[in-house]
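Predicted, not measured: the structure shown is a model, and the values here were computed from it. Quick note: residue numbers are just sequence positions, from 1.
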Amino acid sequence: MTAAVHRGLDPQGYLAREGSLARVPDAFRPVVAAARDRLPGVFGARLHSAYLYGSIPRGTARVGRSDLDLLVALHEEPDDADRAAAGALGDALDAEFPQIDGVGTLLHGRARLLSDLERHDMGWFVACLCTPLLGEDLGARMPRYRPDSLLARETNGDLALLLPRWRARIAGAADSEEARRPLVRFMSRHLVRTAFTLVMPRWNGWTSDLHEMAEAFAAYYPTRAEQLRAAAVLGYDPTGDRDVLSHYTGDLGPWLAAEYTRVHGVKTPRPEDGAQGSNPP
């Protein structure tokens with residue numbers, strides 16, 4: 001199949017940065033402003049920079065359904081106190097602004113984000129998928145990226161490592177639809193994004209829309225197409241169906257992990273034991 005040129009690339013064929021503050025829907029501007037105003041008070045001199053990512057800076061957020069996604073870069077590696085402070089800020093914003101459905105905050109040290117190890121994972125994430133909110137933009141220090149096999153391997157080449165952890169999370173969750181629904185949402189999104197980056201070099205472009213990701217994958221793996229289309233639907237509107245989770249960890253996930261390894265190889269190991277990478281939920 002001949003590669004076509006898809007959206008998400010600049011005229012030179014590099015991945016263009018998605019999202020901007022100008023695209024934030026009016027309904028979400030107050031919560032973005034509140035996050036920007038409060039972050040310096042939460043982290044003080046430890047704060048290097050902060051970024052938005054996800055549907056809000058892409059302009060596709062749904063009132064009452066979308067969460068606020070933040071990435072915070074600190075001058076040093078985050079500790080437990082930093083993670084607790086980020087969680088408290090997220091809880092406060094979620095309680096105050098009904099237009100969002102939760103807050104997710106990624107915390108990383110500046111040196112880690114700029115490291116060679118993270119250049120094609122979190123470095124790419126900052127440069128291409130994050131919108132600067134506060135401080136120096138670390139994305140300006142990153143190289144330009146193409147949708148190639150190296151990027152595919154380093155972003156999502158760790159699914160085989162994740163699957164045992166997913167099974168443990170499922171086993172440890174309460175036996176209720178309410179408890180399983182966030183797991184279905186997270187795992188659906190992760191699997192669709194992994195399936196998309198599996199074919200990304202051949203598709204030759206970038207999208208963050210789950211339905212478009214599933215259709216791109218379907219063009220190359222038609223026998224798995226309906227499974228990915230269903231996962232894309234659940235990524236936006238999850239249920240708490242235990243059978244879905246069993247399917248993800250017993251069939252679709254293992255197949256996708258094996259095919260990913262065959263096509264792109266395994267993600268470079270991280271120094272911390274059992275590192276699972278940093279693909280955002």
For L159, which of T261, L256, V266 qualifies under side chain to side chain contact (heavy atoms under 4.5 Å, CB included)?
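Between L159 and the candidates, side chain to side chain contact (heavy atoms under 4.5 Å, CB included) is satisfied uniquely by L256.
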Sequence neighbours excluded, which residues qualify as side chain to side chain donor-acceptor pair (under 3.5 Å) partners of [X]?
| X | answer |
| --- | --- |
| S149 | H264 |
| E215 | R229 |
| T105 | none |

For E178, look at atom CD and say whether over 12 heavy atoms of other residues, nucleotides or ligands are found less than 6.0 Å away.
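Result for CD/E178: open.
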Residues which pass ring pair (Phe, Tyr, Trp, His ring centres under 6.0 Å) with [X], listed by chain and number, not counting sequence neighbours:
| X | answer |
| --- | --- |
| Y248 | none |
| H247 | none |
| Y221 | F217, W255 |

Any donor-acceptor pair under 3.5 Å linking the side-chain atoms of E154 with those of T268?
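T268 vs E154: donor-acceptor pair found between side chains.
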Salt bridge (charged side-chain N to carboxylate O under 4.0 Å, His left out) partners of residues 27-37, not counting sequence neighbours, each pair once
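Pairs touching residues 27-37 that pass the test: D26-R29.
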List, by chain and then residue number, the residues other than L89 in its hydrophobic cluster (Ile/Leu/Val/Met/Phe/Trp/Tyr, side-chain heavy atoms under 4.5 Å); write none if there are no others.
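Grouped by the 4.5 Å side-chain rule, L21, V24, F28, V31, V32, L39, V42, F43, L47, L52, I56, V63, L68, L70, V72, L74, L93, F97, I100, V103, L107, L133, L134 form the rest of the cluster around L89.
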Rounded to the nearest 0.5 Å, what separates atom CG in L150 from atom NE2 in H120?
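So the CG of L150 and the NE2 of H120 are separated by 4.0 Å.
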How long is the gap from CG on N156 to NE2 on H190, to the nearest 0.5 Å?
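NE2 of H190 is found 5.0 Å from CG of N156.
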Within the side chain of [X], is there an N or O that forms a donor-acceptor pair under 3.5 Å with the backbone of [Y]?
| X | Y | value |
| --- | --- | --- |
| E212 | T207 | no |
| Y51 | L138 | yes |
| Y220 | R202 | yes |

What pairs with [X] under salt bridge (charged side-chain N to carboxylate O under 4.0 Å, His left out), at least two apart in sequence or on another chain?
| X | answer |
| --- | --- |
| R119 | D116 |
| R65 | D237 |
| R167 | none |

Over all heavy atoms of both residues, which pair between F196 and G205 is shortest? Give the atoms and the distance, please.
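Closest approach of F196 to G205, heavy atoms only: CZ-O, 3.8 Å.
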Side chain to side chain donor-acceptor pair (under 3.5 Å) contacts touching residues 77-89 (sequence neighbours left out)
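The answer is R46-D82, D80-R83.
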